[in-house]
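Please read the structure below before turning to the comments.
Lettering of chains follows the sequences in order, A, B, ..., and the numbering in each one begins at 1. Here the structure is a predicted model, which is why all the values come from computation and not from measurement.
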Number of protein chains: 2
Amino acid sequence: MKLQQLRCIHEVVKNGFSISKAAEALHTSQPGVSKQIQLLEEEVGLHIFIRHGKRLVGLSEPGQHVYQRINEVIREIKSIKQVSEEFSQSSLGVLTIATTHTQARYKLPSVVQAFMSKYPDVKLNIHQGNPTQVTDQVVKGEADIGIATESISHNDKLFCLPCYTWNRCLVMPAKHPLAKEKTVTLAKLATYPIITYDYAFTGSTIVSKVFHDAGLTPNIVLTAIDADVIKTYVNLGLGIGLIAQMAYDSKRDQGLVSIDVSHLFPTSTTYLGIRRDVFLRGFMYDFIEMFIPEYPKQVVKKLMLEQENI
Amino acid sequence: MKLQQLRCIHEVVKNGFSISKAAEALHTSQPGVSKQIQLLEEEVGLHIFIRHGKRLVGLSEPGQHVYQRINEVIREIKSIKQVSEEFSQSSLGVLTIATTHTQARYKLPSVVQAFMSKYPDVKLNIHQGNPTQVTDQVVKGEADIGIATESISHNDKLFCLPCYTWNRCLVMPAKHPLAKEKTVTLAKLATYPIITYDYAFTGSTIVSKVFHDAGLTPNIVLTAIDADVIKTYVNLGLGIGLIAQMAYDSKRDQGLVSIDVSHLFPTSTTYLGIRRDVFLRGFMYDFIEMFIPEYPKQVVKKLMLEQENI
DNA sequence: GGCTGTTACGCTTCGCGTAATCATG
DNA sequence: CATGATTACGCGAAGCGTAACAGCC
């Protein structure tokens, strides 16, 4: 068994079962990839891919198991390279952060700026997605650090640090009738058309649970992945926005007013998650400390060790 | 980077930093291994091994990190082969059980016998060790299944199933003064010389904790890894044995009497542990069911899935 | 017929084995 | 001087690229 064979399979799956694309990604020829896959399939004695004629269309059942392992192998290999980069004193490197729009837009910019000036040779990637995607990317090793709320802390493979707590607020045009009210109740809120995050009502998230427990059905007229889009539609008068507190800025969001609704919903906690078993480069620890000063390298290391064996 | 290079490093470390031994284990030549290691070290740009002259004597600090990753890679590769063996309908295979002497001697024999007659082509290995070693072997992938008490369930990487509960008993020669007592107290027990398991008093195990909490210091005169050895010395009159209930057999252990002391110690639970992220072959599920009929394949799978994301 | 994967073939490289050399205790 | 690691060298295999061929939509 050769590493190259595993890389081939990995890339083929990643590229939607296209051998040609995989070959390109691997900087090699199409026939080479084809051959390697066949060799591995021959060696393990089973078809990893499902083929329609000559075209690959999916993973066979054993193939799915094999692919899981291969993914882990590729991750570890990447990790080995990180170790080498770290110890060869190289200031070069890559840091990939997976996070939600709210973080990327309102919390990270200052941190990112500081980080980039301290580590000019580190390439910084920010992958955006909903909390589930963020968790996934970190688990798969596609991102080094994930920053998101709630669900990221529900995964065994991840080590999570609570960063800060926050709650929600409403945003609406200044002339909106609700803007004059002193206190908003859940019942009243449910009578207005609401625009909010699209993942807030998929699965059993906090917001949907609160309404459900109160026996109310909110009138969600529109959902979006990020607060900027939500605010845009709020400005158009399509509804009132239910967003994270930190996504409202009275200066920037002229024409909109915000009403705190932290009495209606439990506070949420934003977590930073990393894979437990991954090698962390110095600058990764540093990024964490820049983001949350309470967690310098030594503290993070200690916390991770403590969790390793209960 | 080549798999063979990783295998070389893995074997060299496993064989006490001997390139010659590693070469033998890999069925290849000494120079070949030497070369591959150099190539990898060159590629990652750092020395993985510490050398005294030409002899390898240990892992450098970066080397330790690298070695951890390599270990995982090797494990995954092994796992891929297991997948292939499983799906190619092969009845061939290897099942390695890590367990303590008590299990191996008193609980497993009937299970092993049944397993071997059902799967004559599966090679069965039993690794013996103390609970810590058992846990380690499963974590490292050197064993597929670990069966031990307590500490095995304290590891994040392992999925554990409670098997049964048990407690302790005393064994002593029939003519021993304590044999006439109706009930043994902890205080009285502490006045006699005791022979017990050697790991029962390392770390914060249940037995040592019970004595400590009572403000007593037991008089441990001798410790051994297994109950058979303990009983041998008890027979010689060197002390009374404190062993697991299931390790006493009134027929086999003629000349010894046992006194139940389950009122003095909390019950212990024996767990069966497997790595969460490993591929389990059909016969492995079957072994688990043979050992604990309450856990057939479907139940085990369901429990593992439930634990994956809380 | 355009896209995509497989087969064919030749070149180059790389891994591995043997033998010789070197360092160390 | 004996053990164990490195260097040297030659053979054979394997990976890869180009080109030609074959199945689908």
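Contact annotation for B/Gln30: base contact, defined as any heavy-atom pair under 4.0 Å involving a base atom. The residue B/Lys35 sits apart from the nucleic acid: no heavy atom pair falls under 4.0 Å. Among the heavy atoms of the strands lying under 4.0 Å from A/Leu39 are primed sugar atoms or P, OP1, OP2 only; no base atom is included. No engagement by A/Gly32 is indicated, since no non-hydrogen atom pair under 4.0 Å with the nucleic acid exists. Residue A/Ser29 is classed as a base contact, given a heavy-atom separation below 4.0 Å to a base.
Residues B/Arg275 and B/Met304 share a closest heavy-atom pair of O-CE, 4.1 Å.
Between the CZ atom of B/Phe17 and the P atom of D/dA5 there is a distance of 12 Å, rounded to whole Å. Between A/Asn15 atom CG and C/dG5 atom C1' the separation is 15 Å, expressed in whole Å. Per the geometry, CD1 belonging to B/Ile19 stands 14 Å off P belonging to C/dC16, to the nearest Å. A/Phe49 places its CZ atom 16 Å from the P atom of C/dT4, with the value rounded to the nearest Å. Rounded to whole Å, the distance from CD1 on B/Ile37 to C1' on C/dC14 is 17 Å. As a whole-Å value, the separation of A/Lys2 NZ from D/dA13 P is 13 Å. Distance A/Leu3 CG to D/dG15 C1': 14 Å, rounded to the nearest Å.
Looking at which nucleotide of DNA chain D each of A/Gln36 and B/Leu56 is closest to, the 5′-most match is held by B/Leu56. Nearer the 5' end of DNA chain D, as judged by each residue's closest nucleotide, is the contact made by A/Val33, out of A/Arg55 and A/Val33.
Counting heavy-atom neighbours within 6.0 Å of B/His127 NE2, excluding the residue itself, gives a total above 12. Residue A/Tyr285 places its OH atom among more than 12 non-hydrogen atoms of other residues, nucleotides or ligands, all under 6.0 Å distant.
In summary, B/Asp286 and B/Lys297 do not engage in a salt bridge, as defined by a charged side-chain N under 4.0 Å from a carboxylate O.
In this structure, A/Ser20 does not reach the C/dT4 phosphate: none of its side-chain N or O atoms is under 4.0 Å from OP1 or OP2. A sub-4.0 Å separation between OP1 or OP2 of C/dC14 and a side-chain N or O of B/Gln4 is absent.
Of the candidate nucleotides C/dT7, D/dT6, D/dG17, D/dG17 has the atom lying nearest to any side-chain atom of A/Thr28. With distances taken from any side-chain atom of B/Lys54 to the nucleotides C/dC22, C/dG15, C/dT7, the minimum falls on C/dC22. Taking every side-chain heavy atom of B/Pro31 into account, D/dA8 is the closest of D/dG15, D/dT18, D/dA8.
Side-chain contact between A/Val83 and B/Val44: absent, with no pair of heavy atoms (C-beta onward) separated by less than 4.5 Å.
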